[in-house]
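In what follows, every chain begins at residue 1, and chains take the letters A, B, ... in the order their sequences are listed.
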Amino acid sequence: MRTSRNSRRDLLKSGAGLALATFAWPTYLRAETASIKIGVLQPLTGALAFDGAQGKMGADAAFKEINDGGGIKALGGAKLEMVVGDARSTPDGGVQEVERMASEGVAAIVGGFASPICLAATQAASRYDIPYLVDVGVSDQIVSRGLTNTFRFAPGFGMVSKQAIANLIKLNDGAGKPAKTVVLVHEDGLFGSGLAKLMQTELPANGFEILDTIAHPTPARDMSNIALQIRAKNPDLVIPSSYYGEFVLLARTMQQQRIRPKGIYCVLNGAASNYRFVKEFPDAAQYVMDCNHWYDPRKAAAQKLKQAVESDGKFFTYNVALNYSGVLLLADALERAASVDRKAITAAIASSNFARHIMPYGPTQFVNGQNTGAAPVNTQVQDKDIKVIFPGDFADAKPVFPVPA
Amino acid sequence: MFAPSLIAAAVVNGLTTGAVYALIALGLTLVYGVLHIINFAHGAILGAAMFAAYFAYQAGVDPYVAALPLAVVFFGLGYAVQRLVVGPASHGEDRNFLLVTLGLSIIIENLLLAAFSSDTRTIDTPYGFSTLEFAGLFLSLPKLIAFVVSCLVGAALWALLAATDTGKAIRAVAKERMGAALVGIDAAHIFAVTFGLSAACLAVAACLLLPIYYVNPRVGETYVLVAFTVVVLGGMGSIPGAMLGGLLIGVVESLSGLFFGDSLGQLGVYLIFIIVLLVRPAGIFGATA
């Protein structure tokens, strides 16, 4: 009996140690002079942990740049202090962290990543008048609820899908209309289904024939059936809207089954604008197009950040660029507000004309919280790199369409 | 209506996917058969094994070559975990076993997350895109290998239980724990062997899955629910039941995915599941109470 009791205690001890090691939290930086606390909310654990880490990476880079550059000059060189929040990939987790950030006295919050987290967190932040800058969350509800504290720097769902369809038509027209038939593949959540619905009305109105619309769950264990159906329909164009894992499975299966449409045109796809996918499956990734958030390849600051991220052995994803830009935008608002008063910062963001970001947008211009200058771009995987092919002003490569047989 | 070749391809695809479900279900059903308990850490162990196979590949060892050594390593790990952690911590109480394995799954998944981040990783093997052309179908080579190896492992496990002394001891403990102890079988050792065999099956499954799937710390969840369905469908604790159940679920999932779309395809799986439970509550091969 004694031995078993001891071993249970040992187990509890080692279990507690493990738990501590697993959940140990980075301690906050303690600045010596008065610092300005900024909340960085990301899904650092749970299903979205990869994206959360990417977003935080971008915020980290911007914090470092601002603090190394002498902090917020209008406030006597006050340094920015990051208050990290882990939304645990759930809206509830996001709300809890916003409450904690509010009690710690943050001046503003950046991040959220997923639409459900952003929706809940911005609402929680509005109770304390904390200005909240959404990094990615594409749901159009985020900026249509009349919350004066909520801003989105990146384009929303409506903007992206409209642009995606417009660009697709231009792309097809430019190549002499090689694509007439389309198969839509989408994940069956809010994002994929919403997009498919929009495509189903918009594409036929523009001369495309939709041969099939195939929904799939996330996570999906196998995409072979979908590949078979695509093969049976033999469309000119496949338009997938899926998360990372499912798209990788689909692209691999299509390659294996030798299904080669004239083009694969993704919208807000989890993999087509991800260097990991390009690196791991260069053949399956070759010539895949995406309409998504992307950095401006012509900006020196963007290239510098990309190199820094890559030399760290990490992948440069759009949410790194968005969070980096978001924190810089916030710092600019702090400079102009010359105050840590939340209402003053909110007003400064609302009136901002910030151009030193690394996205392919003009100076920011917020209308009801949405940056109206924001726009997605079209990228294409070309020879193990992701190139911007559309719009022409930002492009660093010409589109390869239709894909050479 | 779909062309016959499309339906044939979907059936073949279902069989190959189902064989992997079966292999994952084997470990689960084995532990259930002997300890009469569902091992909640099953998915997490699969995830850990897939990471092991992934890093073996990074170190230059092909997953198929790594399968046997990893099976041995995971047998050892499974044995040790049952002998040193799960067994002592559950004090012979079934509900404790549930909670300990649940806790174990949380610890394993979060250790994987802390160590490797939640990045989704894949490997690109030279044979990853190879196909065999058969009657107009392109059969994926890694999937065919997964099918054959899964069936072989299932047969080997069945032979082990049927013909060896260890197998007899496992069956004895499964049937009558007290009686087995009275004739000199070390029940704690047999429990640990069972747990080890279950983990070894998962290691093989991980090596078969890696060339066709991806790995991240939560990957086990994707498979564990379907494996549980297979176990109940085939009859809790039955090896042939798990094999047949896995293949059946694979084909049903594939065909219903084809006919009703992949989102609704899961409905077919649970429809069959409910029908079987209504007609044969103990599962296809389950002993009637």
Next item on the list: Taking only Lys NZ, Arg NE, NH1 and NH2, and the carboxylate oxygens of Asp or Glu, determine whether A/Asp283 and A/Arg258 approach each other closer than 4.0 Å.
Entry: no

Check: Checking heavy atoms, do the side chain of A/Leu249, its backbone, both or neither come under 4.5 Å from chain B?
Finding: side chain

Notebook entry, point to check: Side chain, backbone, both or neither: which part of B/Ile123 has a non-hydrogen atom closer than 4.5 Å to chain A?
Noted result: backbone

Checklist line | Among the listed options A/Pro282, A/Ala284, A/Ser224, the residue most often paired with chain B at heavy-atom distances under 4.5 Å | finding: A/Ser224

Checklist line | Side chain, backbone, both or neither of B/Thr17 within contact of chain A (heavy atoms, under 4.5 Å) | finding: side chain

Checklist line | Under 4.5 Å from a heavy atom of chain A, the part of B/Asn13 involved | finding: side chain

Next item on the list: Go through the atoms of B/Ser5 and report whether side chain, backbone, both or neither lie under 4.5 Å from a heavy atom of chain A.
Entry: neither

Notebook entry, point to check: What residue, out of A/His216, A/Glu280, A/Arg221, A/Gln257, has the most heavy-atom pairs lying under 4.5 Å from chain B?
Noted result: A/Arg221

Next item on the list: For chain B, find which of A/Arg276, A/Arg231, A/Gln229 contributes the most heavy-atom pairs closer than 4.5 angstrom.
Entry: A/Arg276

Item checked: Chi angles and distances behind the side chain to side chain contact (heavy atoms under 4.5 Å, CB included) call for B/Tyr21, B/Leu26 -> CA-CA 9 Å; B/Tyr21 294 169; B/Leu26 277 181; over 6 Å; no

Item checked: A/Gln42: which of A/Asp86, A/Asp51, A/Asp135 passes side chain to side chain donor-acceptor pair (under 3.5 Å) -> A/Asp135

Check: Between CG of B/Leu28 and CG of B/Leu46, what distance do you get to the nearest 0.5 Å?
Finding: 11.0 Å

Checklist line | Contact class of B/Leu258 relative to chain A, heavy atoms under 4.5 angstrom | finding: both

Next item on the list: Under 4.5 Å heavy-atom distance to chain B, tell me which part of A/Ala53 shows up: side chain, backbone, both or neither.
Entry: neither

Checklist line | Part of B/Glu109 within contact of chain A (heavy atom distance under 4.5 Å) | finding: neither

